[in-house]
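Worksheet for the structure shown next.
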Amino acid sequence: MAATPAPPATPPKPTWDPRKPDQPFPWLRPTIRIRLTLLYGGMFLIAGILLLSIIYLLAAQALRTGNEPLFKIVQFQSLKVTSNNCPGIATSDLSLAEFNDAINACMDHERKAALDNLLSRSLLALLGLAVIAFAFGYAMAGRVLSPLGRITRTARAVAGSDLSRRIELDGPDDELKELADTFDEMLERLQRAFTAQQRFVGNASHELRTPLAINRTLLEVHLSDPGAPVELQQLGKTLLATNERSEQLVEGLLLLARSENQIIERKPVDLAEVAEQAVDQVRTEADAKGVTIQGERKPSVIQGNGVLLERIALNLVQNAVRYNVPEGGWVEVTTDVQHGQAVLVVTNTGPVVPAYEIDNLFEPFRRLRTERTGSDKGVGLGLSIVRSVARAHGGHIAAEPREGGGLVMRVTFPV
């Protein structure tokens with residue numbers, strides 16, 4: 001009875017801890033909440049004081065205006081009265097009651113006019129203070145939250161594979177500085193991890209290619225011997241085909257690992273020229289399978305790595321030729337610039353592809369109808385490499401079934 005394999009060991013607990021040691025008086029820490037509270041509370045208090053002062057001055061002026069005498073008696077015997085504010089009482093044929101009613105109406109009118117004037121001026125003052133308060137609040141909030149802008153710019157630079165960038169935020173020890181310091185520590189660990197990955201890819205490239213190249217050389221030397229038995233020659237050819245497949249697998253894995261990162265050094269590359277070179281490389285295989293390659297390739301210049309972009313076109317064209325119909329098949333390869341993007345489209349006839357299997361085609365070692373290793377058409381990394389290289393160039397690849405069978409592969413790149 002075979003022994004039960006032991007469960008995998010628990011991974012070690014990370015020793016990296018971004019937290020700072022506890023301070024003796026945490027309530028004295030100048031946090032963002034306290035700073036914003038003091039800032040906006042003080043601004044509101046100042047705005048309220050200004051508003052009350054203006055209202056007080058306006059009210060005082062209104063009361064002084066309302067207390068001024070509205071009329072004066074210029075002749076007591078004939079009761080001749082003049083008034084600039086109440087012209088209705090400046091007549092001589094009024095009775096005593098009518099005269100008193102006119103005076104009361106005039107006073108009410110003047111009081112209402114003073115209040116209306118006070119209200120309109122207060123609203124204008126409030127509107128002006130609101131505009132000033134919002135302007136100062138916007139400026140002060142931008143000043144307080146400006147470290148977030150530095151963090152965002154650094155994160156965007158890191159997204160472009162510039163892991164050497166650091167925020168190095170100075171200022172008070174608040175939440176934003178803690179976030180920036182934690183982000184810097186994370187970037188340091190990421191840079192070490194990516195450096196180790198690049199070193200591993202370089203070492204693996206040498207260690208894996210060398211023995212395979214030696215095996216290929218030895219097999220080719222033995223196969224060149226005319227006196228070798230037929231069985232030995234057949235075995236050598238089988239081993240040579242297996243070795244070639246292993247070399248393709250190693251090259252594909254290394255290219256897939258390298259293409260996962262962003263492309264730092266970019267040069268102008270014409271997709272039309274890249275597609276033409278890919279078509280020329282596959283032309284012999286297409287003629288042998290009876291597949292016609294057609295399509296118009298217009299100039300589409302982008303910034304990128306020419307070798308990796310050629311790999312995209314080559315993999316797509318090779319797949320379109322290999323996974324085609326036995327007779328009368330065709331492949332259409334076009335390039336163009338549409339809506340500010342460079343587009344490479346590879347369309348081919350072939351077997352009907354269900355829509356639910358489209359996403360599986362981009363997984364490593366995955367082929368149509370879940371076919372994995374053992375196929376003579378490739379190692380199953382072609383579309384995975386295409387997607388990784390496209391992403392490294394800021395592009396996108398989309399596939400959709402073609403009506404009648406086959407696929408339509410559309411790769412877009414920013415110009």
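Just so you know, these numbers come straight off a predicted model, no measurement behind them.
The line from CD1 of Ile358 to CE of Met409 is 6.5 Å long, rounded to the nearest 0.5 Å. In this structure, the separation between CG on Leu316 and CG on Leu407 is 10.0 Å, given to the nearest 0.5 Å. Interatomic distance, Thr292 OG1 to Asn348 CG, rounded to the nearest 0.5 Å: 12.5 Å. Of the inter-residue distances, the one linking Arg410 atom CZ with Gln341 atom CD reads 8.0 Å to the nearest 0.5 angstrom. Between the CG atom of Leu344 and the OG1 atom of Thr412 there is a distance of 10.0 Å, given to the nearest 0.5 Å. Taken to the nearest 0.5 Å, the CD1 atom of Ile151 stands 4.0 Å off from the CG atom of Leu179.
Side-chain contact check for Arg297 versus Thr334: every heavy-atom pair is 4.5 Å or farther apart. Counting heavy atoms from C-beta on, the side chains of Val343 and Thr335 never come closer than 4.5 Å. Contact of the Gln233 side chain with the Glu231 side chain is not registered, since no non-hydrogen atoms from C-beta on lie closer than 4.5 Å. Lys237 is listed as a side-chain neighbour of Leu223, based on a closest heavy-atom distance under 4.5 Å. When side chains are defined from C-beta on, Asn315 does not count as touching Val389, because their heavy atoms never get closer than 4.5 Å. At a threshold of 4.5 Å between non-hydrogen side-chain atoms, the residues Lys177 and Pro147 do not count as touching. Using a 4.5 Å heavy-atom cutoff, the side chains of Ile397 and Arg391 are not in contact. Looking at heavy atoms from C-beta onward, Phe413 lies out of side-chain contact with Val337 at the 4.5 angstrom threshold.
Scanning both residues, Pro401 and Ala355, for their nearest heavy atoms gives CG-CA, 4.0 Å. Val415 approaches Val301 most closely through the heavy-atom pair CG1-O, 3.8 Å. Closest approach of Ala390 to His396, counting heavy atoms only: CB-N, 4.3 Å. Shown here for Val333 and Ala275, the closest heavy-atom pair between the two residues is CG1-CB, 4.0 Å. Taking all atoms of both residues into account, the shortest heavy-atom contact from Val274 to Ala313 is CG1-CB, 3.9 Å. What you find for Val321 and Ala286 is that their closest heavy atoms are CG1-CA, 3.7 Å.
Of the possible donor and acceptor atoms, one in the side chain of Thr349 sits under 3.5 Å from a partner among the backbone N and O of Trp330. Judged by distance alone, with hydrogens and angles left aside, the side-chain atoms of Asp184 form a donor-acceptor pair with the main-chain N or O of Ile167 at under 3.5 Å. Listed for the Asn243 side chain is no donor-acceptor partner under 3.5 Å among the backbone atoms of Leu239. Ser224 contributes a side-chain N or O that, together with a main-chain N or O of Val221, makes up a donor-acceptor pair within less than 3.5 Å. Although no hydrogens or angles enter the test, the distance criterion places no donor-acceptor pair under 3.5 Å between the side chain of Ser300 and the main chain of Asp270. Side-chain atoms of His222 never come within 3.5 Å of backbone atoms of Leu232 as a donor-acceptor pair (strictly under, hydrogens ignored).
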Should Val411 and Val345 be marked as a side chain to side chain contact (heavy atoms under 4.5 Å, CB included) after you check the CA-CA gap, both sets of side-chain angles, and the distance that decides it?
CA-CA 6 Å; Val411 190; Val345 181; over 6 Å; no
Given the rule in the side chain to side chain contact (heavy atoms under 4.5 Å, CB included) test, do Val279 and Val331 qualify, once you have shown the distances and angles that lead to the verdict?
CA-CA 10 Å; Val279 169; Val331 175; over 6 Å; no
Report the C-alpha separation of Arg322 and Glu285 in whole Å, then their side-chain angles, then the decisive distance to 0.1 Å, and conclude whether the side chain to side chain contact (heavy atoms under 4.5 Å, CB included) test is met.
CA-CA 8 Å; Arg322 293 173 181 176; Glu285 182 178 358; 3.0 Å; yes
Do Glu220 and Leu240 pass the side chain to side chain contact (heavy atoms under 4.5 Å, CB included) test, and can you show the C-alpha distance, the side-chain angles, and the key distance before you say yes or no?
CA-CA 8 Å; Glu220 290 175 349; Leu240 186 62; 4.2 Å; yes
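Around the CD atom of Gln338, the shell of radius 6.0 Å holds more than 12 heavy atoms that belong to other residues, nucleotides or ligands.
For the 3.5 Å distance criterion, the side chains of Glu310 and Gln281 qualify, holding a donor opposite an acceptor.
The residues Arg166 and Glu188 are annotated as salt-bridged, a charged nitrogen and a carboxylate oxygen being separated by less than 4.0 angstrom. Asp287 and Arg283 are not joined by a salt bridge, as no carboxylate oxygen comes within less than 4.0 angstrom of a charged side-chain nitrogen. Salt-bridge formation is not detected for the pair Glu168/Arg150: no Lys NZ or Arg NE/NH1/NH2 atom is positioned less than 4.0 Å from an Asp or Glu carboxylate oxygen.
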